[in-house]
Amino acid sequence: MTFYHMDKLRKFVTRFLDERYSKWIFIIPGAILLAFFALPLMAILLRSINLDFFDNAFSQQAFKALRLSLLTSSITTLIAAVFGTPLAYMLARWKLNHKTWLELILDLPIVLPPSVAGVALLITFGRNGLLGSALNVLGISLPFTTAAVVLAQLFVAAPLFIRSARIGFAHIDRQLEESARVEGANQWQLFSEIMLPLSARALASGAILTWTRALGEFGATILFAGNLEGMTQTMPMAIYLGFERNIGVALALSVVLIFVSVILLMLTKKLEKPEE
């Protein structure tokens with residue numbers, strides 16, 4: 001390369017990196033990744049738009065899967081809120097031994113592969129599992145039942161609620177807690193009258209994230225609960241089965257899940273905005 005060409009290249013790079021052009025360094029890679037996320041979603045929407053869309057979306061199989069998904073994910077979110085709120089409060093406000101290890105155990109299901117979660121549930125609650133004998137004595141069989149769907153969703157989704165609630169409780173000023181104790185507030189009054197109201201947005205955000213994650217759960221569910229129509233076949237299961245039997249149902253249910261997820265994420269974003 002001649003000196004002339006090197007000089008031209010240097011001027012071009014200098015000009016490109018100038019304030020007028022440097023923004024493209026951010027725009028180009030950002031736009032590429034954004035397109036990577038947006039194009040598959042657009043492809044589903046475009047492919048699903050046909051005369052059979054509503055027939056597929058409101059078919060008996062789709063209706064059963066939607067009803068079961070809404071029921072189980074709602075139960076999962078309720079259980080996560082009832083049991084996860086006090087746990088998150090203790091982790092955030094109490095001095096506990098080995099707190100780091102406790103938080104690690106609670107956060108681990110978030111990053112575990114879904115298949116590992118399913119196997120773990122199966123060897124714990126299955127007939128030959130760790131607690132299988134005790135459950136059999138009580139006449140309880142969990143695998144491949146609707147209860148198994150809830151347990152699978154709870155295992156992978158509840159940590160999201162606990163994490164959000166824990167962060168919400170931790171951000172409350174400790175001076176408010178000390179002032180309440182000086183005024184004579186007991187532990188329950190402190191929790192119910194100060195901590196819960198001040199962390200309500202974080203709790204609501206965590207509940208929405210938990211409900212969304214439970215609604216889309218697939219891997220742990222199919223291993224622990226199976227894919228029985230009307231009993232364990234949630235919407236992700238019906239979508240998976242649709243690729244083998246009826247692609248129209250799979251696409252229609254995918255659009256419904258996308259639509260529901262968009263609404264829930266919009267609510268979450270609204271809750272995350274700071275109050276004016």
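Since the model is a prediction, treat every value here as computed from it, not as a measurement.
By the 6.0 Å contact criterion, CZ on R213 is enclosed, its count of non-hydrogen atoms from other residues, nucleotides or ligands being greater than 12. More than 12 heavy atoms of other residues, nucleotides or ligands shown are found within 6.0 angstrom of CE on M90. When the shell of 6.0 Å around CD of Q60 is examined, it contains 12 or fewer heavy atoms from other residues, nucleotides or ligands. Sparse packing is recorded around CG of N128, with 12 or fewer heavy atoms of other residues, nucleotides or ligands lying under 6.0 Å away.
Annotation: side chain of T234 is not in contact with side chain of E217 (no heavy-atom distance under 4.5 Å). With a 4.5 Å cut-off on side-chain heavy atoms, Q233 and K64 do not count as touching. Considering only heavy atoms from C-beta on, S205 comes within 4.5 Å of T268 through its side chain. At least one side-chain heavy atom of L87 sits less than 4.5 Å from a side-chain heavy atom of I162. No side-chain heavy atom of K270 sits under 4.5 Å from any side-chain heavy atom of I208. In this structure, the side chains of S199 and I172 come closer than 4.5 Å at one or more pairs of heavy atoms. Proximity of K99 to L91: side-chain heavy atoms (C-beta onward) are separated by under 4.5 Å at one or more points. In this structure the side chain of L160 never reaches within 4.5 angstrom of the side chain of T212, judged on heavy atoms.
In the hydrophobic clustering of this structure, F161 does not group with F83; members are Ile, Leu, Val, Met, Phe, Trp, Tyr whose side-chain heavy atoms approach within less than 4.5 Å, directly or through other members. Both F53 and I258 are assigned to one and the same hydrophobic cluster, defined by single-linkage of ILVMFWY side chains at heavy-atom distances under 4.5 Å. In the hydrophobic cluster analysis, where Ile, Leu, Val, Met, Phe, Trp and Tyr join through side-chain heavy atoms closer than 4.5 angstrom, L78 is grouped together with V150. Tracing side-chain contacts under 4.5 Å through hydrophobic residues (I, L, V, M, F, W, Y), one never reaches L241 starting from L253; they form parts of separate clusters. L45 and M42 sit in two unconnected hydrophobic clusters of ILVMFWY residues. Membership requires side-chain heavy atoms under 4.5 Å apart, directly or through other members.
Between the side chain of E103 and the backbone N or O of T100 there is no donor-acceptor pair closer than 3.5 Å. Counting only distance, with no hydrogens or angles, the side chain of T232 and the backbone of A225 share a donor-acceptor pair below 3.5 Å. Listed for the S48 side chain is no donor-acceptor partner under 3.5 Å among the backbone atoms of A252. Judged by distance alone, with hydrogens and angles left aside, the side-chain atoms of R93 form a donor-acceptor pair with the main-chain N or O of F169 at under 3.5 Å. No donor-acceptor pair closer than 3.5 Å links the side chain of T124 to the backbone N or O of L130.
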Problem set entry | Verdict with supporting geometry, T221 and T72, side chain to side chain contact (heavy atoms under 4.5 Å, CB included) | CA-CA 11 Å; T221 305; T72 54; over 6 Å; no
For this session: Determine, stepwise, if the pair R163 / L106 fulfils side chain to side chain contact (heavy atoms under 4.5 Å, CB included).
Result: CA-CA 8 Å; R163 185 178 183 84; L106 292 171; over 6 Å; no
Exercise. Does the pair L196 and T85 meet the rule for a side chain to side chain contact (heavy atoms under 4.5 Å, CB included), with working shown?
Worked result: CA-CA 9 Å; L196 276 182; T85 301; 4.1 Å; yes
Problem set entry | side chain to side chain contact (heavy atoms under 4.5 Å, CB included) evaluation trace for I123 with F224 | CA-CA 9 Å; I123 64 174; F224 184 49; over 6 Å; no
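From L215, atom CG reaches atom OG1 of T210 across 12.0 Å, with rounding to the nearest 0.5 Å. Note that OG1 of T76 and CG of L71 are 9.0 Å apart. Values are rounded to the nearest 0.5 Å. Put simply, CG on N136 and OG on S141 are 6.5 Å apart, with the number rounded to the nearest 0.5 Å. Residue D107 holds its CG atom at 11.0 Å from CG of L102, rounded to the nearest 0.5 Å. Note that CE of M235 is 7.5 Å distant from CG of L70, once rounded to the nearest 0.5 Å. In this structure, OG1 on T145 lies 11.5 Å from CZ on F125, to the nearest 0.5 angstrom.
Considering all non-hydrogen atoms of both residues, P86 and V82 come closest at CD-O, 3.2 Å. Residues A220 and A117 come closest through the heavy atom pair CB-CB, 3.9 Å. The heavy-atom pair separating P159 from P109 by the smallest distance is CG-CB, 3.9 Å. Residues S59 and V249 come closest through the heavy atom pair OG-CG2, 4.2 Å. Of all non-hydrogen atoms in R166 and A92, the two that sit nearest each other are O-CB, 3.5 Å. Smallest separation of non-hydrogen atoms from G168 and A202: CA-CB, 3.6 Å.
The aromatic rings of Y240 and F218 lie tilted to each other, with the angle between the two planes from 30° to 60°. Below 30°, between 30° and 60°, or above 60°: for W94 and Y89 the angle between ring planes is above 60°, a perpendicular geometry.
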